[in-house]
Asker: 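Input: one structure, supplied below.
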Amino acid sequence: DAKTTQPPSMDCAEGRAANLPCNHSTISGNEYVYWYRQIHSQGPQYIIHGLKNNETNEMASLIITEDRKSSTLILPHATLRDTAVYYCIVRVYPGTYKYIFGTGTRLKVLA
Amino acid sequence: DAGVIQSPRHEVTEMGQEVTLRCKPISGHNSLFWYRQTMMRGLELLIYFNNNVPIDDSGMPEDRFSAKMPNASFSTLKIQPSEPRDSAVYFCASTLGTSGNLVVETQYFGPGTRLLVL
């Protein structure tokens, strides 16, 4: 599975959009991008995933560049409850269901 | 839906003792994962099962660790003997796997077991 690179930390004002970047320059054609988050002391929570088209659900939007070497997770109106570590993962689909979590981005939403 | 259930939620034990962590996956899910999380190493996959069969145990640190899944609704992770460096949060996760022709791979995590080995 391809490796990912994320900034270690970011701040965002409450109510503003949080844009979390992820680089995955070695991604291959059949690898999906997954995003999870981990709120303090809880288990990771699925947010969204995509292959090459932009995706949106009730939690977030995922923007994947045309060359698929990077992506951005967008939380449109961040709240204090969105403070968490966000993990970007790339993996083969379908595959062995095996994730490799990196160090993630620690997002702090400020009041 | 009760989600993934783990027990105990907290465990404090002394070095050399046997520790058994338990997990009940979401009903109907056919893949189960054990992860370990520490400050130094982050979130690491230890082992995962598909249809109760261990598929990949390359993340199991050493022979002191063993995992079983005797049936679709129960799994254990055992550490014997335990050492202080095993102190971590251990998460269990499950995924539906396949449903008809659809591959559903979202992993659902339990609340974790916080293990402290003194």
Side-chain angles (χ1 to χ4, degrees), chain A residues 1-9 20 22 27-52 55-60 62 73 81 84-107, chain B residues 2-6 9-10 21 23 25-26 29-51 53-60 88-115:
Chain A
D1 295 336
K3 294 187 182 298
T4 62
T5 303
Q6 299 177 254
S9 65
L20 292 92
C22 179
I27 195 169
S28 59
N30 60 349
E31 288 186 313
Y32 276 61
V33 180
Y34 281 75
W35 283 83
Y36 279 72
R37 73 179 183 184
Q38 186 174 22
I39 296 171
H40 179 61
S41 76
Q42 299 181 19
Q45 175 191 26
Y46 167 80
I47 301 173
I48 198 168
H49 75 281
L51 181 61
K52 54 183 178 181
E55 302 288 344
T56 295
N57 63 20
E58 65 278 4
M59 290 182 68
L62 175 60
L73 178 75
R81 290 179 297 178
V85 177
Y86 288 77
Y87 296 99
C88 169
I89 304 160
V90 295
R91 58 171 302 280
V92 176
Y93 177 100
T96 59
Y97 312 137
K98 181 176 177 178
Y99 291 157
I100 299 175
F101 284 82
T103 54
T105 295
R106 186 173 299 275
L107 175 69
Chain B
V4 176
I5 299 173
Q6 292 187 245
R9 295 291 308 277
H10 302 270
L21 311 181
C23 175
I26 294 173
H29 283 194
N30 59 21
S31 292
L32 182 141
F33 307 78
W34 283 101
Y35 290 87
R36 178 174 67 175
Q37 187 171 35
T38 62
M39 289 293 292
M40 291 294 293
R41 300 175 66 90
L43 197 60
E44 304 173 279
L45 177 66
L46 299 177
I47 184 171
Y48 83 93
F49 297 83
N50 190 39
N51 292 321
V53 176
I55 302 300
D56 186 343
D57 65 354
S58 60
M60 295 286 264
V89 181
Y90 291 82
F91 290 103
C92 175
S94 70
T95 185
L96 181 59
T98 56
S99 177
N101 293 324
L102 179 66
V103 178
V104 182
E105 301 185 21
T106 300
Q107 291 190 16
Y108 296 86
F109 283 76
T113 295
R114 282 151 186 77
L115 173 65

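Letters go in sequence order (proteins before strands), and every chain restarts at 1.
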Asker: Is any side-chain heavy atom of B/Q107 less than 4.5 Å from a side-chain heavy atom of A/Y36?
Answerer: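 A side-chain contact under 4.5 Å exists here.
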Asker: Answer with side chain, backbone, both or neither: which region of B/Q37 has an atom nearer than 4.5 Å to a non-hydrogen atom of chain A?
Answerer: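 Interface part for B/Q37: side chain.
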Asker: Looking only at non-hydrogen atoms, find the nearest pair between B/F91 and A/Q42 and report the distance.
Answerer: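 Shortest heavy-atom separation between B/F91 and A/Q42 comes out as CZ-O, 3.6 Å.
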Asker: Among all residues two or more places apart in sequence or in another chain, which pass the side-chain contact (heavy atoms from CB on, under 4.5 Å) test with B/N51?
Answerer: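 So B/N51 forms a side-chain contact (heavy atoms from CB on, under 4.5 Å) with B/N30.
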Asker: Roughly how far, to the nearest 0.5 Å, is OG1 of B/T106 from CD1 of A/I48?
Answerer: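 It is 10.5 Å, given to the nearest 0.5 Å.
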Asker: Kindly write out the residues that satisfy side-chain contact (heavy atoms from CB on, under 4.5 Å) with A/S41, not counting sequence neighbours, or none if the list is empty.
Answerer: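 Once residues adjacent in sequence are excluded, the partners of A/S41 under the side-chain contact (heavy atoms from CB on, under 4.5 Å) criterion are B/R114.
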